[in-house]
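To start, the structure under review is shown below, and the notes come after it.
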Amino acid sequence: MAHSAFHSLTLKELLESIQDYPEESVQLVEKAYHFAANAHDGQKRMSGDPYFVHPVFIASVLAEMQLDPPTIAAGLLHDTAEDCEGVTIEVIEKEFGEEVAVMVDGVTKIGRINVKNWEERQAESLRKMILAMGKDIRVILIKLADRLHNMLTLGYQPEEKQYRTAQETLEIYAPIAHRLGVYKIKQELEDLSLSYIDPEGYRDVATKVGAKRAERENQIQHIIDVLTEKITAAGIQDFEIAGRPKHLYSIYRKMVIQDKTFDQIYDLIAVRVLVNTLPECYQVLGIVHAVWPIMPDRFKDYISNPKNNMYQSLHTTLMGGREVKTPFEVQIRTHEMHAVAEYGIAAHWNYKEGKGGSQMDEKLYWLRQIIDWQSEARDAKEFIDGLKTDLFADEVFVFTPKGDIINMQKGATPLDFAYLIHSGVGNTCTGAKVNGRLVTLDYELQTGDRVEILTSKSAKGPSLDWLKVVKTSQAKAKIRQYFRKAMRSESVGLGKDMMEHEAKRRNVKLGDLTKPEYYEPLLRRYSLADLEAIYGAVGFGGMTAVHAVGQLIDEQQRQKDKEQKKTPPQLPQLTPTFKPQGKPTQGVYVAGGPGMLVRFAHCCNPVPGDEINGYVTRGRGVTVHKADCINILNSEPERRIEVAWADEGSGTFMAGLRIIAYDRPGLVGELTGHVGDSGIKVNSLSAKANKNGTAVIQMSVEVSGTEQLQQLLNRMKRRSDVLEAYRTGN
Ligand code: MN
């Protein structure tokens, strides 16, 4: 095992560390010790040591951090549920109670990660760590101690595993230890990781640090002697002063990442002074500054401005002098601050608990810190390169009644949760319970909440108001989808009734008109999908029944005429080999050459890409229609003339659009926004609200051709609040 400042305790020492706790707590740890010893009996670590060495080390680390007996017990038991026959979480709960069982379960779950891909694995293990933190920070402290021991014994693992484990430790565990302020573990994790990730760099730094060690130690002793004398003289009786070993990884970072030479690292020589009170900290600072000249810009007051992880201390760098020839650092803090500096949240947690502070507040405070951290770009980048960890900043983590973890965006409500589980759960939702208590559906979910959705088969379904309650786009889309379906079938029925009524008024049977050969030209003309879409368009109020039935009758009539005349093809071949000649007029070539006046018909508004046909109007040149325009199809064939679009869109063309969507404030603005984004100009616009909560928006836009128009229509159709979007004649 590699060297560590932590060491394994005997059972007697373990129990001594918790002697201030009630007798039954001490017995709990003793029982866990024997239980784990028994459960792991016969198992061996890769090193060949008995497996039990591992949980004992972890319990010892936890004991040094002065954690409470249940945590130490959980540390002893942490691998039993995973690896020992006959031991389950239920057994642990029965033997040691819920508190211990929950912690053991938490540690076990973090370890269980089922993703293949390495980056996913990292993200997943980070996610689990953060989640566990939200539930019980002690789980993470056990996990950190577990990882420390695994790193100390990593040399026995296969090489491939060594590198990956070291990488994961450096990228996930060490930063979490840092964030929780558990520096003592963090520094060991970093140094151990480095020795596997860059063995050469590690040796190089170690050699350089080792080279002048004796010289440095003499200098440190000199500083200690001088300070001891001055501080004592100032009347401070109770203080500790010691040299502070710099951990290798921080030197490595400064050399490799900040590109400094070994001589540019000022804090290789460092001394730490621990005192009892805050005023004494500043008093000692004054003494230090009186002895040696201060190095400008290196003084840091982390007492007035604690670091995010609650670290408090005074740091100052001195220029040195005759005896100490290089700059050196002095850190000054109270014993209490020092405990936080070494054990971070563990110390803080204990301390607060001792004073009767609220544990829950503390946990949430730390969780907030972690979440804040995720949003700090620099740290996040360090954390997992190439992986967007700020994902976590806007998330809350909640639990299903079964204990599964669901992560949702911040602000999410029980309704979002219900729709995330299944749209069926959402649509039949009648209420929700959070942590066993009924809440309103707009309750804002908090990390750690256990959410239970109440459903009923006779629920009346979502209401439009729910769209204002839900925060996630998935839930919104699912609610709209529900209405879209419900309204569509309602509108289709309504539209059909209206068309039947109109057909009756005109003395025809709708059934005779709704034949594919009659309605297909309509589908093409309005880019609708099927007959139901025509009914729907009428039902939504996007098209009048008079118009739809009229068009069907016209089409039927036209085809009957065609049949009677029996003169196909209908389009006269004026110039059988029509080749565009000369210059186009307004982007259109006209058969027979240039010189004809060209205008575009307002009944169908053709745009480049449409099949077109010309119609010679006396004295007004050629009017260009869409080839399927009902007006040109009904015109005198001898006055038709072939026309063709010039290759590249020259100029813009008018086109009509009709959109049927759920009405709400801002809708028209958003829709015209799409038009603007597509580089298309809106010429006119009208909107009408229907009683059923929908709105019909009619726009006239300027496009370069069918392609641009189709893109715009597709974009509209992709919106979940748009029921129909189609092109109209005008
Ligand atoms: Mn373990």
Side-chain angles (χ1 to χ4, degrees), residues 1-2 4 6-9 11 14 29 32-65 67 70-89 91-92 96 100-114 121 124-126 128-129 131-133 136-158 161-162 164-170 172-174 176-177 180 182 184-186 188-189 192-193 196 346:
M1 182 170 125
S4 169
F6 294 98
H7 61 278
S8 293
L9 303 177
L11 175 60
L14 265 182
V29 171
Y33 187 93
H34 295 302
F35 184 95
N38 194 36
H40 289 299
D41 189 36
Q43 293 177 356
K44 288 218 172 351
R45 299 276 292 174
M46 293 286 265
S47 58
D49 286 338
Y51 197 94
F52 188 52
V53 165
H54 171 70
V56 166
F57 182 86
I58 284 147
S60 304
V61 172
L62 297 169
E64 183 178 323
M65 294 199 284
L67 281 157
T71 314
I72 295 170
L76 285 165
L77 298 167
H78 83 277
D79 274 335
T80 56
E82 185 82 324
D83 304 327
C84 301
E85 231 174 82
V87 183
T88 61
I89 296 296
V91 170
I92 290 172
F96 301 96
V100 172
V102 167
M103 281 191 268
V104 172
D105 191 35
V107 176
T108 309
K109 274 185 180 151
I110 293 176
R112 214 181 279 148
I113 292 169
N114 297 317
R121 192 193 138 86
E124 186 61 20
S125 77
L126 170 62
K128 288 194 169 180
M129 294 282 274
L131 275 169
M133 251 176 274
D136 191 335
I137 200 79
R138 294 175 295 179
V139 169
I140 293 299
L141 297 170
I142 299 171
K143 196 67 201 167
L144 286 174
D146 181 41
R147 180 52 63 114
L148 175 61
H149 191 250
N150 287 338
M151 285 303 295
L152 286 166
T153 54
L154 191 61
Y156 300 102
Q157 296 286 343
K161 199 175 171 194
Q162 288 177 355
R164 294 231 142 156
T165 306
Q167 200 182 17
E168 186 181 58
T169 302
L170 197 58
I172 293 178
Y173 289 82
I176 284 178
L180 297 180
V182 195
K184 202 166 170 180
I185 292 184
K186 175 209 160 185
E188 290 199 6
L189 288 179
L192 288 163
S193 300
Y196 289 99

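Just so you know, ligand 1 is whichever comes first in the structure, and atom 1 is the first atom listed for that ligand. Values below: every heavy atom of this structure, side chains too, minus hydrogens, waters and symmetry copies.
- Between Ala81 and Ile89, the shortest heavy-atom distance links the atoms CB-CD1, 3.8 Å.
- With a cut-off of 2.8 Å, the Mn ion (ligand 1) has an N, O or S atom of His54 in range.
- Residue His149 forms a ring pair (Phe, Tyr, Trp, His ring centres under 6.0 Å) with just one option from Tyr156, Phe57, Tyr51, and that option is Phe57.
- Looking at Asp146, its N, O or S atom nearest to the Mn ion (ligand 1) turns out to be OD1.
- Nearest heavy atoms, Glu64 versus Phe6: OE1-CD2, 3.3 Å.
- Within Asp79, the N/O/S atom positioned nearest the Mn ion (ligand 1) carries the name OD2.
- Scanning both residues, Val91 and Gly86, for their nearest heavy atoms gives CG2-O, 3.8 Å.
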